[in-house]
Every structure is written in structure tokens, then in C-alpha cells.
Amino acid sequence: MEANLAARERALNSPLRLRILRLCLHQSRTNKEIAELLEINPASSLHHVRILVRTGLLLTEERRKGKRGATEVPYIASKESWRTPLPNVSPILIETFLQETRGLAPADMEVWRLGVKFNAERRGEMLAKLKAVLEEYTELPPDDDGEATSLMIAHHRDPSAD
């Protein structure tokens, strides 16, 4: 079990692999589709896909025939990445966020920023409530008529306010 957790931690220590999981979160995709969406070489994509499959973060679905008759393997995210504790993950999540939002029009994003000054107890209470809300929504099935979006909340010390 510990070896599997360590392998998952290594697998999730990559903005590219996090982006693959995001692409396969609500819809299964083939390696070719993943490579095209990420604008990378299919061989490179397949390397990362195999790591995610081997660690159980990405699941293979039933093989299917593609448009030209070739056999394709669709992949879907297992959603286990949400339950995998990752030490020191902030820089990877921030880099992933920057890569995913690069080139988006300002109208395609909503950003909020809040400055607070709380003691450890109140800060812990606030973060626990935010996490509980996120966990509640991760358990809901996707809406058939929904639009795929992402949410990132970052909490950090504000050294300029000291």
C-alpha cells in the first residue's frame, strides 16, 4: 500500500499529468485526443498516460473502433487524485493552473482575492469549511448538460502585511 501511495505521489508531481487527469475527468479520451488537446507528441502523452494507469489514477475503458477503423483505448480519471495526500504540492498545482489558464480570455475566468488576519484556530476553521464544501461537490455526479470548469483556491501567508 505504501509503495502504491509513493508511486501516486510521484505520478501527481507533474503539471502535465495533472492536466491529463483534468481532461479525462468528465469524459473519456484516447491518447491521440489527449495529445492533440495538450499539443504534445502522442508518444510523450502515452508515457504519461501509462504512468497514470499503472498507479490507478487513470482507468482504461473498453476498447473501441476509431473513425478510421483502428482500435482506440479511451481513458477516464478515477478521481483518486483528490484522495491522495501530496506533500509540498503547491508549486505543482500553481504551475498546472498557469498552464491550463494560459491564453484564456479574461471573460473566461472569475478570480477572487480576500485578505484576512485570523489566529490559527479561526484560520483552521475557515480552511476546514472550504475543504468540506469542495469535498461535498467532488462527490456529486456531473450534470449531463454541464460545462466542465475548474476551481482553484489558494491560501498563503501574506508577508507584505506583516
Side-chain angles (χ1 to χ4, degrees), residues 1-113 130-131 133-157:
M1 185 67 161
E2 240 179 80
N4 190 36
L5 179 60
R8 279 188 178 172
E9 287 176 1
R10 285 190 303 277
L12 293 170
N13 199 15
S14 161
L16 183 59
R17 288 193 283 269
L18 291 177
R19 293 179 67 199
I20 290 171
L21 289 174
R22 174 65 184 90
L23 288 173
C24 298
L25 180 60
H26 302 294
Q27 163 183 351
S28 59
R29 298 185 191 272
T30 65
N31 183 63
K32 181 180 177 187
E33 292 169 331
I34 293 167
E36 287 173 358
L37 289 165
L38 294 174
E39 298 178 342
I40 61 173
N41 182 301
S44 177
S45 175
L46 187 58
H47 166 76
H48 294 285
V49 163
R50 286 180 174 160
I51 290 170
L52 293 168
V53 168
R54 194 170 42 248
T55 56
L57 296 165
L58 203 59
L59 305 173
T60 57
E61 292 189 331
E62 195 170 315
R63 294 176 183 267
R64 63 186 185 204
K65 290 283 183 195
K67 292 177 184 173
R68 297 184 182 204
T71 301
E72 298 178 334
V73 179
Y75 302 94
I76 191 91
S78 69
K79 299 184 181 180
E80 288 300 314
S81 60
W82 179 257
R83 294 167 192 69
T84 303
L86 294 174
N88 306 314
V89 71
S90 297
I92 284 105
L93 291 179
I94 291 169
E95 179 56 32
T96 304
F97 172 78
L98 291 173
Q99 288 179 19
E100 288 178 335
T101 58
R102 191 170 291 129
L104 284 180
D108 290 336
M109 293 179 64
E110 293 179 65
V111 179
W112 304 278
R113 206 166 160 217
L130 289 170
K131 186 174 182 183
V133 167
L134 294 177
E135 286 179 352
E136 176 185 339
Y137 280 90
T138 63
E139 298 300 322
L140 296 176
D143 295 329
D144 290 337
D145 63 345
E147 177 184 7
T149 62
S150 292
L151 172 67
M152 180 175 174
I153 298 173
H155 175 259
H156 60 90
R157 188 176 154 275

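The chain is numbered in sequence order, starting from 1.
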> So how far is it from Q27 CD to L23 CG, rounded to the nearest 0.5 Å?
Replying inline: 9.0 Å
> For S45, what residues pass the side chain to side chain donor-acceptor pair (under 3.5 Å) criterion, not counting sequence neighbours?
Replying inline: N31
> Of all residues at least two apart in sequence or in a different chain, which pass the side chain to side chain donor-acceptor pair (under 3.5 Å) check with E139?
Replying inline: R83
>> Let me confirm one number: the CG-OG distance from L38 to S44, rounded to the nearest 0.5 Å.
In response: 9.5 Å
>> Among residues at least two apart in sequence or on other chains, which ones pass side chain to side chain donor-acceptor pair (under 3.5 Å) with T101?
In response: none
> Among T138, L25, L21, which one satisfies side chain to side chain contact (heavy atoms under 4.5 Å, CB included) with K79?
Replying inline: L25
> By salt bridge (charged side-chain N to carboxylate O under 4.0 Å, His left out), which residues pair with R64, not counting sequence neighbours?
Replying inline: E33, E72
> What closest approach, in Å, do E61 and I76 show between heavy atoms, and which atom pair accounts for it?
Replying inline: OE2-CG2, 3.6 Å
> Which residues pass the side chain to side chain donor-acceptor pair (under 3.5 Å) test with S81, sequence neighbours left out?
Replying inline: none
>> I want to check something: taking the side chain as every heavy atom from C-beta on, are I20 and R29 in contact at a cut-off of under 4.5 Å?
In response: no
> Listed by chain and number, what are the side chain to side chain contact (heavy atoms under 4.5 Å, CB included) partners of N88, not counting sequence neighbours?
Replying inline: none
>> Within the structure provided, determine whether S78 and L52 are in side-chain contact (heavy-atom separation under 4.5 Å).
In response: no
> Can you tell me how far CZ of R54 sits from CZ of R8, rounded to the nearest 0.5 angstrom?
Replying inline: 13.0 Å
> Among all residues two or more places apart in sequence or in another chain, which pass the salt bridge (charged side-chain N to carboxylate O under 4.0 Å, His left out) test with K32?
Replying inline: none
> What pairs of residues pass the side chain to side chain donor-acceptor pair (under 3.5 Å) test when at least one of them lies in residues 102-111, not counting sequence neighbours?
Replying inline: none
> With sequence neighbours left out, which residue pairs that include part of residues 13-26 fulfil the side chain to side chain donor-acceptor pair (under 3.5 Å) condition?
Replying inline: R17-H48, R19-Q99, R22-S150
>> Which heavy atom of P85 sits nearest to which heavy atom of P87, and what is that distance?
In response: O-CD, 3.8 Å
>> Going by side chain to side chain contact (heavy atoms under 4.5 Å, CB included), name the residues that satisfy it together with H47, two or more places apart in sequence or in a different chain.
In response: I51
> Going from OG1 on T96 to CG on L18, what distance comes out if it is rounded to the nearest 0.5 angstrom?
Replying inline: 4.5 Å
>> I need the minimum non-hydrogen distance between L58 and C24, along with the two atoms involved.
In response: CD1-CB, 3.8 Å
>> Among residues at least two apart in sequence or on other chains, which ones pass side chain to side chain contact (heavy atoms under 4.5 Å, CB included) with V73?
In response: T60, R63, Y75
> With sequence neighbours excluded, what pairs up with L86 under the side chain to side chain contact (heavy atoms under 4.5 Å, CB included) test?
Replying inline: E9, L12, T84, V89
